[in-house]
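For ligands, and for the atoms within them, numbers begin at 1 and follow the listed sequence.
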Amino acid sequence: MGLRRIIKNYIYRKKFKIKDSEVSQKIEKQNILITGANSGLGLALTKKFLKFGNKIFATYNERNDNLIKLNNKNLTVFNCDQSKIENIEKFKDFISDKPINIIINNAGIWGGNRQNFNDIDYDNFNKAININAISIIKISETVLKYSKQGSLKSIINISSQYGSTEHNTSGHNYIYKGTKSLMNSFSKNLSIDLKNQHKVNVFSVCPGQVKTKMNPNGILEPDLAALKIINLLSFSEALNGKFVDLNKNILTW
Ligand SMILES: NC(=O)c1ccc[n+]([C@@H]2O[C@H](COP(=O)([O-])OP(=O)(O)OC[C@H]3O[C@@H](n4cnc5c(N)ncnc54)[C@H](OP(=O)(O)O)[C@@H]3O)[C@@H](O)[C@H]2O)c1
């Protein structure tokens, strides 16, 4: 890695620095549903929330080995492939009558290599629409229907700056950009409906460039991004209906 790159990465990391002790209001004793929790950001969020004394309902798609290794009595793990919306009905078996307080819609896919104009994998596109976007509506509906009435307070949708239409200067990547843009649109819509009907705050977050399976060249450690996201929860009321970065800066839609 060249010197210029090293300096750029150092500045980027510094911009988002935070320690456990700095989380403004520790989120504790909450029941939290996290999707796509066996890897990357979802796993880091699971670990941090457990450390702060919360109960986690974690979903996984293909593997659950990393979650099982945590061996934590406050962790309930269940399988859900969100590429099929009807699978989300299965959530009710795990959350029925449990007071779910927070949902983190984290599961997501990049959408494969074929997503540029004239070479689009439309099967993957359909899958990604379900996983990255439509799921967040169905999960909200399911939790509000089956979880203990009145318990849900906040929903965070893990989006991406790639979902910003105004920020788009690079073209390409129709699947990822389009589905994250759709997620943002649904997030805004849910923020209006759920605030009015259920007093639930909903907002979208771009986690930045995080080093994970999806982005092996990412700059931020998942633990750090997770902590920043947890910190945002203390500001849910003010962030309702917004699209923000890890430092609460408003991003353009
Ligand atoms: N890393 C970044 O730089 C970055 C930047 C912006 C936004 N994000 C967003 O952050 C979120 C977390 O991604 P990550 O970076 O932590 O990557 P990751 O490690 O690949 O995590 C994505 C998770 O989504 C799950 N998933 C994939 N297909 C699924 C399906 N059909 N049903 C349910 N879950 C499914 C994966 O499970 P399996 O592996 O079992 O399929 C995995 O646990 C994503 O929404 C991503 O778009 C990441």
**Student:** Is there a donor-acceptor pair under 3.5 Å between the side chain of D119 and the backbone N or O of R114?
**Tutor:**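 Such a contact is absent between D119 side chain and R114 backbone.
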**Student:** Would you say N106 has any N or O atom under 3.5 Å from an N or O of ligand 1, going by distance alone?
**Tutor:**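 The answer is yes, given that N106 and ligand 1 share an N or O pair closer than 3.5 Å.
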**Student:** Identify, for atom 39 (O) of ligand 1, the protein heavy atom at the shortest distance, and state residue, atom and that distance.
**Tutor:**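 I find the closest protein heavy atom is K213 NZ, 2.3 Å.
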**Student:** Given that the side chain starts at C-beta and the backbone is N, CA, C, O, which of these parts of Q82 lies under 4.0 Å from ligand 1, counting heavy atoms, or is it both or neither?
**Tutor:**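 Under 4.0 Å from ligand 1, Q82 contributes backbone and side-chain atoms.
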**Student:** What protein heavy atom lies closest to atom 40 (O) of ligand 1? Include the residue and the distance to one decimal.
**Tutor:**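 Nearest protein contact, heavy atoms only, for atom 40 (O) of ligand 1 is E62 N, 2.9 Å.
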**Student:** Counting each atom of ligand 1 from 1 as listed, which ones have a heavy atom of Q209 under 4.0 Å away?
**Tutor:**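 In order of number, 3 (O).
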**Student:** With heavy atoms only and a cut-off of under 4.0 Å, state how P222 meets ligand 1: side chain, backbone, both or neither.
**Tutor:**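 Neither part.
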**Student:** Any idea how F125 and Y122 line up, ring-wise: parallel (<30°), tilted (30 to 60°), or perpendicular (>60°)?
**Tutor:**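 Geometry flag for Y122 against F125: parallel rings.
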**Student:** Out of A107, G36, C80, P207, whose heavy atom sits nearest atom 48 (C) of ligand 1?
**Tutor:**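 Considering heavy atoms of A107, G36, C80, P207, the nearest to atom 48 (C) of ligand 1 sits in P207.
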**Student:** Indicate yes or no for a side-chain donor-acceptor contact from N54 to the backbone of I27 under 3.5 Å, with no hydrogens or angles considered.
**Tutor:**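 Yes, the answer is positive, given that a donor and an acceptor are paired below the 3.5 Å cut-off.
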**Student:** Under the salt bridge (Lys or Arg N to Asp or Glu O under 4.0 Å) criterion, do K138 and E89 qualify, and how do the steps go?
**Tutor:** CA-CA 8 Å; K138 185 66 182 172; E89 277 295 313; 3.0 Å; yes
**Student:** For the side chain of N106 and the backbone of I158, is there at least one donor-acceptor N/O pair under 3.5 Å apart?
**Tutor:**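 No, N106 side chain to I158 backbone: no donor-acceptor pair under 3.5 Å.
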**Student:** To the nearest 0.5 Å, what is the distance between OG (S187) and CD1 (I156)?
**Tutor:**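 Rounded to the nearest 0.5 Å, the OG-CD1 separation comes out at 10.0 Å.
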**Student:** One residue to check: Y162. Relative to ligand 1, which of side chain, backbone, both or neither has a non-hydrogen atom less than 4.0 Å away?
**Tutor:**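 It is neither part, as no heavy atom is under 4.0 Å.
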**Student:** With a cut-off of 4.0 Å, which atoms of ligand 1 are near a heavy atom of I158?
**Tutor:**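 Going through ligand 1 atom by atom, the ones under 4.0 Å from I158 are 9 (C), 10 (O), 11 (C), 45 (O).
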**Student:** Write out the residue and atom name of the closest protein heavy atom to atom 27 (C) of ligand 1, then the distance separating them to 0.1 Å.
**Tutor:**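 Going atom by atom, the protein heavy atom closest to atom 27 (C) of ligand 1 ends up being I109 CG2, 3.5 Å.
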**Student:** To check your reading of the model: name the closest protein heavy atom to atom 41 (O) of ligand 1, its residue, and the distance in Å.
**Tutor:**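 Here the nearest protein heavy atom works out to N61 ND2, 2.8 Å.
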**Student:** Which bit of C206 is near ligand 1, meaning a heavy atom under 4.0 Å away: side chain, backbone, both or neither?
**Tutor:**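 It is neither part, as no heavy atom is under 4.0 Å.
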**Student:** Starting from atom 31 (N) of ligand 1, find the nearest protein heavy-atom neighbour and note its residue, name and distance.
**Tutor:**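 Among all protein heavy atoms, the one nearest atom 31 (N) of ligand 1 is D81 OD1, 2.8 Å.
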**Student:** Evaluate V210 for polar contact with ligand 1, using N/O atom pairs at a separation under 3.5 Å.
**Tutor:**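 Min N/O separation from ligand 1 is below 3.5 Å for V210.
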**Student:** One residue to check: Q161. Relative to ligand 1, which of side chain, backbone, both or neither has a non-hydrogen atom less than 4.0 Å away?
**Tutor:**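 It is neither part, as no heavy atom is under 4.0 Å.
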**Student:** May I ask whether K211 has any heavy atom positioned less than 4.0 angstrom from an atom of ligand 1?
**Tutor:**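 Under 4.0 Å: no for K211.
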**Student:** Compute the shortest N/O to N/O distance between L41 and ligand 1 and return yes if it is under 3.5 Å, no if not.
**Tutor:**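 Yes, L41 has an N/O under 3.5 Å of an N/O on ligand 1.
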**Student:** Is the distance from the ring center of F94 to that of F57 below 6.0 Å?
**Tutor:**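 Not under 6.0 Å, so no.
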**Student:** Are I136 and L239 connected in a single hydrophobic cluster, I mean Ile/Leu/Val/Met/Phe/Trp/Tyr linked by side-chain heavy atoms less than 4.5 Å apart?
**Tutor:**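 No, L239 and I136 fall in different hydrophobic clusters.
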**Student:** Does the protein place any heavy atom closer than 4.0 Å to atom 36 (C) of ligand 1?
**Tutor:**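 Protein heavy atom within 4.0 Å of atom 36 (C) of ligand 1: absent.
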**Student:** For atom 7 (C) of ligand 1, which candidate among A58, G163, S159 provides the closest heavy atom?
**Tutor:**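 Selected option, by shortest heavy-atom distance: S159.
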**Student:** Could you list which atoms of ligand 1 come closer than 4.0 Å to a heavy atom of S83?
**Tutor:**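 Taking each heavy atom of S83 in turn, ligand 1 has 31 (N) under 4.0 Å.
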**Student:** Using a plain distance cutoff, I'd like to know if G108 has any nitrogen or oxygen under 3.5 Å from a nitrogen or oxygen of ligand 1.
**Tutor:**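 It does: an N or O of G108 is found under 3.5 Å from an N or O of ligand 1.
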**Student:** Could you tell me the residue and atom name of the protein heavy atom closest to atom 5 (C) of ligand 1, and the distance to it rounded to 0.1 Å?
**Tutor:**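 Of the protein heavy atoms, G208 O, 3.1 Å lies nearest.
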**Student:** Among protein heavy atoms, which sits nearest to atom 42 (C) of ligand 1, and what does the distance come to when rounded to 0.1 Å?
**Tutor:**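 Answer, as residue, atom name and distance: S39 OG, 3.3 Å.
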**Student:** Distance to 0.1 Å, residue and atom name: give those for the protein heavy atom nearest to atom 47 (O) of ligand 1.
**Tutor:**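 Ranking protein heavy atoms by distance from atom 47 (O) of ligand 1, first comes Y176 OH, 2.6 Å.
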**Student:** Walk me through whether S236 and N201 qualify under side chain to side chain donor-acceptor pair (under 3.5 Å).
**Tutor:** CA-CA 6 Å; S236 289; N201 296 305; 5.1 Å; no
**Student:** Can you tell me how the ring of W253 sits relative to the ring of F243, calling it parallel under 30°, perpendicular over 60° and tilted otherwise?
**Tutor:**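 Correct class here is parallel.
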**Student:** When only distance counts, is S160 in polar contact with ligand 1, meaning an N/O pair under 3.5 Å?
**Tutor:**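 Such a contact does not occur with ligand 1.
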**Student:** Hey, what do you get for CG (L220) to OG1 (T212), rounding to the nearest 0.5 Å?
**Tutor:**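 Spacing of CG (L220) from OG1 (T212) equals 10.5 Å.
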**Student:** Give the atoms of ligand 1, by number and element, whose distance to some non-hydrogen atom of G40 is under 4.0 Å.
**Tutor:**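 Selected atoms, number and element: 16 (O), 19 (O).
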**Student:** So, the side chain of N64 versus the backbone of N38: is there a donor-acceptor pair under 3.5 Å, distance only?
**Tutor:**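 Such a contact is absent between N64 side chain and N38 backbone.
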**Student:** In sequence, state the C-alpha distance, the side-chain angles, and the governing distance for K153 and E237, and then conclude on salt bridge (Lys or Arg N to Asp or Glu O under 4.0 Å).
**Tutor:** CA-CA 9 Å; K153 298 288 174 244; E237 184 105 37; over 6 Å; no
**Student:** Going by atom types alone, do N157 and S159 pair a side-chain donor with an acceptor below 3.5 Å?
**Tutor:**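 The answer is no; no qualifying pair exists.
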**Student:** Step by step, work out the salt bridge (Lys or Arg N to Asp or Glu O under 4.0 Å) result for K228 and D245.
**Tutor:** CA-CA 9 Å; K228 295 289 283 187; D245 72 4; over 6 Å; no
